[in-house]
Amino acid sequence: MINLELPKKLKASANQAHQVAAEIFRPISRKYDLAEHAYPKELDTMAAMVEGLNDSGKGAAGAALGRGDEPKVIGNVNGGNMSSLMNVIETCWGDVGLTLAIPYQGLGNSAIAAVATDEQLERFGKVWASMAITEPGFGSDSAAVTTTAVLDGDEYVLNGEKIFVTAGERSTHIVVWATVDKTKGRAAIKSFVVPRDAPGLSVARLEHKLGIKASDTAVLLLQDCRIPRDNLLGTPEVNVEKGFAGVMQTFDNTRPIVAGMAVGLGRAALEELRSILSDAGVEISYDTPAYNQHAAAAEFLQLEADWEAAYLLALRATWMADNKKPNSLEASMSKAKAGRTGTAISLKAVELAGTLGYSERPLLEKWARDSKILDIFEGTQQVQQLIVARRLLGKSSAELK
């Protein structure tokens, strides 16, 4: 039997994250949706709390995930990944954009946690790191990286352009994906930690977006950008047989977290919709077949069932990560299901709420806009389905494109 009861230690941190969402995020959610690119100063007070949680090993609401160095536990483990999932569900119940703007909780922190050496973790464990992968010439095909990293003495020299970098202007460091040898394909793709003040790194522009407006999304230029050679995460060796599994390992940790973001937003939309339907006199029953209920109630029950499936898939993928079980398939399944479900729930909530849902009085229309990115970044819906198909059919990327 599977026990889905949260351990006490996870309940405590999740409750704290929910308080942040309810008391800080929700009240300022509309404010920073209307003031795109304005830094949410209210989040400055969270920096000390985030650092304290990380020091205590409880984890915070972002992407500082477990890396396998936790004390050995016999049996079931609920570690840093599960803690991050529970917390991010709660903060995204409050606001997805503000969650992505939490100081020192960037997606680049996941890469550092996943593949950094002990020495690198000591240097970069407490930075605010964003992740720079996508380029003008590609989106979902991470193997198509063209940004180069050339070793020159004790430094790497990076050249290239990165787009859609979440927290790209505000973070203190950028984890940049670059190739050390274009002739060796994806195996030569490595990740590098680039400090914000590194010479040759600049912000070309900030993007105007459909949603998550509280989070800055930047275009970065690397022009003869020099960093120390030991800022390369993991090993510098190029292993053609292994490919770039090292850098891709990051996604096995972060995709369930993005699924959790969609789960949190979806729950917020369901709760708001239920309140609106109740005020309109629509009763939702779990004892009566859906076909004998109001059409809106039947729709709600279907949405809630999809939400439950997304939540359980995210739990499974995250639990596997904490227990050192290969979870690439499950990570993609959770991301695909939750990304699609979050969008479906938020859009249907707008529809069922009618003119109220389309107005700016509740946050339903904002959640509908915010939800779409959760089905796109960290690998689109189509890419996740492709990965799942390859895993289930036993096909390589060359055999199934």
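Applying the 6.0 Å contact sphere to OH of Tyr39 captures more than 12 heavy atoms from other residues, nucleotides or ligands. Shown here is Asp154, whose CG atom has no more than 12 heavy atoms of other residues, nucleotides or ligands within 6.0 Å. Heavy atoms of other residues, nucleotides or ligands lying less than 6.0 angstrom from OH of Tyr286 number more than 12. Atom CZ of Phe164 sits in a sparse spot, with 12 or fewer heavy atoms from other residues, nucleotides or ligands closer than 6.0 Å. Other residues, nucleotides and ligands place more than 12 heavy atoms under 6.0 Å from the CD atom of Glu399. By the 6.0 Å contact criterion, CD on Glu119 is enclosed, its count of non-hydrogen atoms from other residues, nucleotides or ligands being greater than 12.
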Item to check | Audit row: Val219, Val165, side-chain contact (heavy atoms from CB on, under 4.5 Å) steps and yes/no | outcome: CA-CA 6 Å; Val219 174; Val165 181; over 6 Å; no

Next on the checklist: Pair Glu304, Glu308 - check side-chain contact (heavy atoms from CB on, under 4.5 Å), show working.
Outcome noted: CA-CA 6 Å; Glu304 196 172 54; Glu308 185 78 17; over 6 Å; no

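In terms of modelled atom types and a separation under 3.5 Å, the side chain of Trp307 and the main chain of Val263 share a donor-acceptor contact. Under a 3.5 Å cut-off, the side chain of Asp322 and the backbone N or O of Trp319 do not form any donor-acceptor pair. The backbone N or O of Phe25 lies less than 3.5 Å from no partner atom in the side chain of Asp95, so there is not a single donor-acceptor pair. A donor-acceptor distance shorter than 3.5 angstrom exists from the side chain of Lys190 to the backbone of Thr235, with no hydrogens or angles considered. Remark: the backbone N or O of Ile174 is not paired with any side-chain donor or acceptor of Ser171 at under 3.5 angstrom. Using a distance-only test at 3.5 Å, with no hydrogens or angles considered, a donor-acceptor pair links the side chain of His37 to the main chain of Glu207.
Taking the side chain as every heavy atom from C-beta outward, Lys213 and Lys366 never approach each other to under 4.5 Å. Residues Pro195 and Asn231 are in side-chain contact: their nearest non-hydrogen atoms beyond the backbone lie under 4.5 Å apart. Residues Leu100 and Phe377 are in side-chain contact: their nearest non-hydrogen atoms beyond the backbone lie under 4.5 Å apart. In this structure, the side chains of Thr166 and Ile212 stay at 4.5 Å or more apart for every pair of heavy atoms.
Electrostatic pairing of Arg30 and Glu365 counts as a salt bridge here, judged by a charged N lying under 4.0 Å from a carboxylate O. We find that Glu378 and Lys335 are not joined by a salt bridge, their nearest charged nitrogen and carboxylate oxygen being 4.0 Å or further apart. Between Arg255 and Glu330 there is no salt bridge, since none of the side-chain N atoms of the basic residue sits less than 4.0 Å from a carboxylate O of the acidic one.
A pairwise comparison of heavy atoms in Leu6 and Lys11 identifies O-CE, 3.4 Å as the closest pair. Across every non-hydrogen atom of Ala116 and Leu121, the tightest pair is CB-N, 4.2 Å.
Annotation: the span from Leu270 atom CG to Leu265 atom CG amounts to 9.5 Å, rounded to 0.5 Å. Distance CD/Glu272 to CG/Leu277: 10.5 Å, rounded to 0.5 Å.
Using modelled atom types and a 3.5 Å distance limit, the side chains of Trp93 and Glu271 yield a donor-acceptor pair. Thr147 and Glu135 share a donor-acceptor pair across their side chains, judged by distance under 3.5 Å alone.
Exactly one of Val388, Leu392, Leu386 qualifies for a side chain to side chain contact (heavy atoms under 4.5 Å, CB included) with Arg390. That residue is Leu386.
Between Phe192 and Tyr156, the angle of the ring planes goes over 60°, which puts this pair in the perpendicular group of the 30/60° scheme.
Under the side-chain contact (heavy atoms from CB on, under 4.5 Å) criterion, Arg226 pairs with Asp152, Glu155, Val157, not counting sequence neighbours.
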